[in-house]
Student: 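Quick one: structure below, then a few questions.
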Amino acid sequence: DTGVSQDPRHKITKRGQNVTFRCDPISEHNRLYWYRQTLGQGPEFLTYFQNEAQLEKSRLLSDRFSAERPKGSFSTLEIQRTEQGDSAMYLCASSLGVGAATEAFFGQGTRLTVV
Amino acid sequence: GIQVEQSPPDLILQEGANSTLRCNFSDSVNNLQWFHQNPWGQLINLFYIPSGTKQNGRLSATTVATERYSLLYISSSQTTDSGVYFCAVVRWGGKLIFGQGTELSVKP
């Protein structure tokens, strides 16, 4: 098992363009999470999936953001009409469990710069 | 929502020194994780600790859930310990609420 994998590692885009990030969780992990981290801050929760169902979305996830996990395996996070304020590290995590507490493991992140 | 506060925000140590990082949280939690964020941004798991004490080499952690705090101890610090340490409380569904982090710098 190679852990959680994210692609790309870095992305520079012009304002107004669309971008898509991919996350491959640890195999057999049924839960997948997206977080965003800006400079000097702790990561903030965006959304999570249990299998293919998106169970919770943060208020941070504006209508320009959409996430999918079509077959309950990998996930994509798309940002439409990017803005400079979207510049951040986007982190993906996965865990195995049902119910409350399960240990999460993170990928290396995708660093987005909007110019 | 739940508040997670870490202290101190910054810490500078001489190599070989010991340190204690603190994490306070404002409500009951299902579990708690400690992470070390490396210079490339990846979060490395240190401890998954709902209560009690765990040890892993020079690091140990103690969570007192009834008093809503957790402590991370680093003994005989090394320069490779430098970086940002985060605690995160685990909510229903496994969602993590992070503190603001403690930035540790260990000088040779």
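The sequence lines fix the lettering, A, B, ..., with proteins before strands; numbering per chain opens at 1.
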Student: Report yes if the side chains of A:P43 and B:L96 come closer than 4.5 Å at any heavy-atom pair, otherwise no.
Tutor: no

Student: So which heavy atom on B:N45 is nearest to which on A:E103, and how close?
Tutor: ND2-OE2, 3.0 Å

Student: Report yes or no: do A:M89 and B:F98 belong to one cluster of Ile/Leu/Val/Met/Phe/Trp/Tyr joined by side chain heavy-atom distances under 4.5 Å?
Tutor: yes

Student: According to a hydrophobic-cluster definition based on side-chain heavy atoms being under 4.5 Å apart (Ile, Leu, Val, Met, Phe, Trp, Tyr only), do B:L43 and A:Y35 belong together?
Tutor: yes

Student: Check whether B:L59 and B:F35 end up in the same hydrophobic cluster, where Ile, Leu, Val, Met, Phe, Trp and Tyr are linked by side-chain heavy atoms less than 4.5 Å apart.
Tutor: no

Student: Could you tell me whether B:E103 atom CD has more than 12 heavy atoms of other residues or ligands within 6.0 Å of it?
Tutor: no

Student: Step through the shown structure and confirm whether more than 12 heavy atoms of other residues, nucleotides or ligands are within 6.0 Å of CZ on A:R15.
Tutor: no

Student: May I ask whether B:L32 and B:V90 are part of the same hydrophobic cluster, defined by side-chain heavy atoms of I, L, V, M, F, W, Y residues being less than 4.5 angstrom apart, directly or through others?
Tutor: no

Student: Where does A:Q6 contact chain B at under 4.5 Å (heavy atoms): side chain, backbone, both or neither?
Tutor: neither

Student: At a heavy-atom separation under 4.5 Å, does A:E44 approach chain B through its side chain, its backbone, both, or neither?
Tutor: neither

Student: Quick check for you: to the nearest 0.5 Å, what is the distance between B:R91 atom CZ and A:E56 atom CD?
Tutor: 10.5 Å

Student: Does a sphere of radius 6.0 Å around CD1 in A:I12 hold more than 12 heavy atoms from other residues, nucleotides or ligands, not counting ones at 6.0 Å or beyond?
Tutor: no

Student: Give the C-alpha distance, both sets of side-chain angles, the deciding distance and a yes or no for side-chain contact (heavy atoms from CB on, under 4.5 Å) between B:F86 and A:Q37.
Tutor: CA-CA 12 Å; B:F86 287 103; A:Q37 185 179 23; 3.5 Å; yes

Student: Counting only heavy atoms closer than 4.5 Å, note whether B:Q37 contacts chain A via side chain, backbone, both or neither.
Tutor: side chain

Student: Among residues 104-115 of chain A, which ones touch chain B with a heavy-atom distance under 4.5 Å?
Tutor: A:A104, A:F105, A:F106, A:G107, A:Q108, A:R111

Student: Going from NZ on B:K95 to OG on A:S58, what distance comes out if it is rounded to the nearest 0.5 angstrom?
Tutor: 7.5 Å

Student: Is the number of heavy atoms from other residues, nucleotides or ligands under 6.0 Å of A:E68 CD greater than 12?
Tutor: no

Student: Is there a path from B:L46 to B:L104 through hydrophobic residues (I, L, V, M, F, W, Y) whose side chains come within less than 4.5 Å of each other?
Tutor: yes

